[in-house]
Every structure is written in C-alpha cells, then in structure tokens.
Amino acid sequence: MYQLCHSDLQQRTVQIHRQEVRLGTSRDAWLPEVSADIASTLNIARSSSALGLTGEAVSMAGNRNTFLNTEMGVGASMPLFDGFRIKNQICADQFLLEAATADLEAARKDIGIQVATSYLQCLYYRSLAEVQRQQVEVSRQMVERAQILFNEGKRPQADLAEAQAQLASDEYALTDARGKTTLALVELSQLLSMPSADGFDIADIHETSEMPLLSATAIYNNCIQTYPSIIAAQKNILASESNVEIARSALYPQLSLIAGVSTGHSHIFNGDLRPYLPSFGTDLVDNLYEYIGVKLSVPIFNRHQTRNNIRLATMDVQSRKLALDDAKLQLCKEIQTAYTNALVAVEKRKSADKAEEATSISVRYEQARYDAGRGNIFDLHEAQQKHLKARQDALQAKYEYLIRQRILDFYRSN
C-alpha cells in the first residue's frame with residue numbers, strides 16, 4: 001500500500017508534465033505550418049499537345065508517349081480564423097493542467113494524513129511496549145517476593161508457580177509489543193520512501209491540539225472552495241465547457257493564410273524527342289512560380305458529426321457537474337466523520353483515564369492485603385491485569401484522540 005501511494009504521486013506528477021506539453025502544443029497551433037512536397041507521376045500522353053511539342057517534334061511524338069512528371073514545392077499555412085477552436089483548446093488544456101495540479105495536492109494531503117496516522121501508530125506501539133516492560137518488572141519482583149515467602153514457608157508453592165507463569169506471559173506480551181513497534185517503524189519508513197529502516201526512529205510529540213470551536217459544518221464551509229479535490233472537479237467542469245465550444249467551432253468557416261513556391265520537370269522516355277525538350281535546369285526555372293493567398297473552408301454537411309460532438313461534449317459537462325456534487329458530498333462526509341470521531345475520542349480518553357486511576361487504587365489495595373497475608377496472589381494478579389488493561393486502553397485512547405485531531409487539522413488548516 002505504501003509503495004502504491006508513492007507510485008501514485010509519481011503518476012500524478014507525470015500527468016502534470018504531460019498536460020504541460022499538451023498546453024504548449026495548443027498554444028503553438030497559432031504558428032505557421034510549413035511543409036515541403038515532392039511528387040512524381042508516370043503519364044501516358046495520347047496527343048502531342050499533352051507534351052507541349054510543336055513543329056517537327058509533333059510528327060515524331062506519335063499518338064502514345066510515356067513521360068515522368070515531377071513536381072516539388074514548399075508551402076506554408078497559418079490559421080486566421082478557426083471558429084475560436086484554438087483559443088478554447090488553450091483554455092481547456094489550461095484548466096486540465098490546473099485540475100491535474102489540484103489532484104496532485106489532494107494526493108499529497110491524503111498521504112500526509114497517512115504519514116501522521118502511521119507516525120502516531122508508531123508512538124502508540126512504542127508506549128505500549130514501555131508499559132509492558134514496566135509490567136514485566138513488576139511481575140519479576142513478584143516472582144522474587146514469592147520465592148522468598150515460599151522459602152520462608154509463608155506462602156505455598158502454588159503462589160510461586162502462579163507468579164512465574166504471569167512473568168512468562170508478560171514477557172511474551174513484551175516481545176509481541178516490541179515486534180509491533182518494529183513493524184510500525186518499517187511501514188512508516190516505507191511510506192516515507194526510505195531505502196531502509198535500519199536505525200530509523202521517531203521522536204515523541206507534545207499534545208497541542210484541542211477540539212475546534214467551529215462545528216463540522218463551519219469547517220466544511222471554510223474549506224469547500226479551497227480543498228484540492230473540489231478545485232480539481234471545478235477545473236474539470238471548466239475544461240469540459242471549453243470542449244463544448246471546441247465542438248461548436250466546427251460550425252464556423254475556417255480562414256487560413258497560404259503561401260508557397262513550386263516548380264516541376266518532365267522527363268520523356270522517347271529518346272528521339274529529347275532534343276526538343278528543355279533541360280532539367282531550364283525546366284525548373286521556367287516552371288517556377290510563387291503564390292500567396294487566403295483559403296476559406298465553409299462547412300456544409302459532415303454526416304451530423306459536429307452536431308453529435310456538441311451533444312457528447314454537453315453530456316460530459318453534466319457528468320463533470322455530477323462529479324463535483326459527489327466530491328462535495330464526499331468531503332462533507334469525511335469532515336463529519338472526522339469531527340464525530342474526534343468528539344468520541346475525547347470522551348473515550350476521559351473514561352480511560354478514570355478507569356486507569358480506579359484500577360491503580362485497586363492494585364495498591366490488593367498489594368497491601370497480599371503483603372499483610374490477608375489476600376492471595378490470584379486476586380493481586382487479577383487486579384494487576386485489570387490495571388494493565390486500563391493503562392493500555394488509556395494509551396490507545398490517547399493516540400486515537402491525537403490521530404483524530406491530526407486528521408481534523410488537515411481540514412481546518414486547508
């Protein structure tokens with residue numbers, strides 16, 4: 001998944017470069033188009049006049065002669081009026097470039113949320129491992145205490161066995177917590193496109209975020225016009241509207257400025273007639289001509305292609321508008337969900353802190369009873385496990401709260 005996110009950013013960046021090239025191509029459409037042409041045709045003349053012969057050469061030409069006609073030239077054409085097709089194409093490509101840029105920014109925001117979430121997940125597992133390490137120390141002290149009491153004959157061997165079993169269980173849980181911490185760091189390093197996670201670690205953070213005074217609706221109204229996914233959808237609408245005008249441009253006449261130079265040469269395969277024909281150089285000079293003018297093309301009927309293209313472009317506008325509505329609805333859902341999750345996380349954290357404090361008191365009470373000989377090790381272990389679970393729940397509530405706050409901050413700071 002993490003490599004996919006990095007690849008997605010690269011693909012969107014390539015799409016921006018591709019759209020920049022398209023925009024440059026559209027702007028260059030106003031430049032003249034220059035081309036050189038050369039054409040050779042094999043002709044069979046049925047009369048001497050086709051060869052341009054006179055006098056004695058007419059009788060020698062006969063009724064059927066074959067000659068090779070070669071024409072060459074350089075021509076240029078530049079659009080003067082094209083029904084505003086080029087202008088609207090430039091607009092469409094500019095809007096698509098802006099949409100691609102907004103898509104890239106939206107992808108970066110999504111990955112930013114993933115990085116923040118992964119970062120806090122690493123801190124959670126690391127804190128969980130520290131809590132578990134502390135519990136192992138407590139269990140180790142219990143084993144040592146149970147061993148002394150057993151040696152003194154004050155406690156049965158069952159208490160010692162129970163303490164040893166609990167220590168083994170806590171050590172297993174510590175190993176598991178450390179493994180999850182390592183995996184979380186590896187996933188974060190992959191998300192950051194680091195070549196290796198060796199020696200990679202993260203620093204703790206200070207809690208500064210608080211619940212916003214603004215409601216979810218206010219946050220939505222503040223970012224609806226500037227959120228990247230919304231901007232991309234709006235730009236796509238503008239681009240599709242420009243495409244409608246591009247389709248309509250085919251209804252207008254097309255006016256172009258044309259200019260060029262051309263010449264040609266004819267080679268006859270009848271050797272008897274060659275003395276009567278001009279040389280290659282003379283032929284090129286004699287046939288040389290230049291031209292300049294305007295070309296007007298008026299559309300009359302093209303099998304309803306223009307009409308259908310306009311209809312398709314109009315339908316695309318409607319589709320893009322529906323996509324904008326979906327993007328707004330999706331953004332509203334995301335903000336509502338993030339805001340609600342943040343509120344729930346606040347309440348869960350308060351409850352978890354209270355539970356941790358209450359189970360801490362219970363552990364101290366059971367420890368005092370056990371030390372005084374009025375309690376048993378099973379009740380003490382049960383109280384310790386409840387306290388451990390409460391501490392784990394408090395940690396989970398803390399980092400869930402921080403994660404929800406960071407997600408909400410992405411929408412508030414847009």
Side-chain angles (χ1 to χ4, degrees), residues 8-37 74-109 224-260 292-328:
D8 184 56
L9 279 183
Q10 291 180 324
Q11 289 291 344
R12 291 175 188 266
T13 302
V14 171
Q15 180 62 29
I16 289 178
H17 295 327
R18 184 181 291 113
Q19 195 56 48
E20 288 173 343
V21 173
R22 292 195 182 104
L23 178 58
T25 302
S26 298
R27 288 171 175 168
D28 292 341
W30 286 115
L31 299 176
E33 180 180 356
V34 181
S35 61
D37 300 305
V74 177
S77 175
M78 185 175 70
L80 297 178
F81 178 75
D82 63 349
F84 307 106
R85 183 188 63 81
I86 296 177
K87 172 180 174 293
N88 288 302
Q89 185 65 61
I90 293 174
C91 290
D93 288 336
Q94 180 64 48
F95 290 136
L96 289 175
L97 175 59
E98 294 172 1
T101 304
D103 282 335
L104 176 61
E105 183 61 28
R108 285 175 175 167
K109 278 187 170 291
I224 184 64
Q225 297 299 328
T226 58
Y227 201 73
S229 61
I230 303 300
I231 293 177
Q234 292 172 338
K235 296 300 181 181
N236 283 328
I237 290 177
L238 294 175
S240 60
E241 290 175 344
S242 296
N243 286 332
V244 174
E245 298 304 318
I246 293 172
R248 285 176 178 166
S249 67
L251 297 173
Y252 296 92
Q254 312 290 313
L255 183 64
S256 302
L257 175 65
I258 58 174
I292 184 171
V294 292
K295 178 182 178 182
L296 179 65
S297 177
V298 180
I300 297 177
F301 180 72
N302 64 349
R303 301 180 297 277
H304 302 299
Q305 290 183 10
T306 300
R307 182 194 66 180
N308 292 333
N309 288 338
I310 294 174
R311 289 178 177 178
L312 290 174
T314 304
M315 293 177 188
D316 186 59
V317 172
Q318 298 300 321
S319 177
R320 295 295 185 180
K321 289 182 178 179
L322 292 175
L324 174 60
D325 293 339
D326 290 341
K328 290 181 178 179

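We use all heavy atoms of the structure for the numbers below, so side chains are in, but hydrogens, waters and symmetry mates are not. Note that the structure is a prediction, hence the values are computed from the model and not measured.
Atom CG in Asp8 sits 9.0 Å away from atom OG1 in Thr13 (nearest 0.5 Å). Distance check, rounded to the nearest 0.5 Å: SG of Cys91 to CG of Asn243 gives 11.0 Å. Taking CG of Leu96 as the start and CD of Glu20 as the end, the distance is 12.5 Å to the nearest 0.5 Å. The CD1 atom of Ile246 lies 6.0 Å from the CG atom of Asn88; values are rounded to the nearest 0.5 Å. How far CG of Asn309 is from OG1 of Thr314: 10.5 Å, rounded to the nearest 0.5 Å. To the nearest 0.5 Å, the span separating CD on Glu105 from OG1 on Thr226 amounts to 10.5 Å.
Looking at every heavy atom in both residues, Ala99 comes nearest to Asn236 through CB-OD1, 3.5 Å. Contact detail for Arg22 and Asp93: the closest heavy-atom pair is O-OD2, 3.4 Å. Of all the heavy atoms in Val34 and Val74, the pair that sits closest is CG1-CG1, 4.1 Å. In terms of heavy atoms, Ala106 sits closest to Ser229 at CB-N, 4.1 Å. Taking all atoms of both residues into account, the shortest heavy-atom contact from Lys109 to Tyr227 is CD-CE1, 4.0 Å. Considering every non-hydrogen atom in both Ile292 and Leu257, the closest pair reads CG1-CD1, 4.4 Å.
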Please test Leu324 against Arg320 for side-chain contact (heavy atoms from CB on, under 4.5 Å), starting from the C-alpha separation and ending with a verdict. CA-CA 6 Å; Leu324 174 60; Arg320 295 295 185 180; over 6 Å; no
Between Val294 and Ile258, is a side-chain contact (heavy atoms from CB on, under 4.5 Å) present by the stated rule, with each step listed? CA-CA 6 Å; Val294 292; Ile258 58 174; over 6 Å; no
What verdict does the side-chain contact (heavy atoms from CB on, under 4.5 Å) test give for Gln19 and Glu98, after you've listed the backbone C-alpha separation in whole Å, the side-chain angles of each residue and the deciding distance to 0.1 Å? CA-CA 9 Å; Gln19 195 56 48; Glu98 294 172 1; over 6 Å; no
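Looking at Gln254, its side chain does come within 3.5 Å of a backbone N or O of Tyr252 through a donor-acceptor pair. Using a distance-only test at 3.5 Å, with no hydrogens or angles considered, no donor-acceptor pair links the side chain of Ser319 to the main chain of Met315.
Screening Glu241, Lys235, Gln234 against Ile237 for a side-chain contact (heavy atoms from CB on, under 4.5 Å) leaves a single residue, Glu241.
Atom CD of Gln305 is surrounded by more than 12 heavy atoms from other residues, nucleotides or ligands within 6.0 Å.
Side-chain contact between Ile86 and Pro79 is present, with heavy atoms from C-beta onward closer than 4.5 Å.
A donor-acceptor contact closer than 3.5 angstrom links the side chains of Arg18 and Gln15.
We find that Lys321 and Asp325 are not joined by a salt bridge, their nearest charged nitrogen and carboxylate oxygen being 4.0 Å or further apart.
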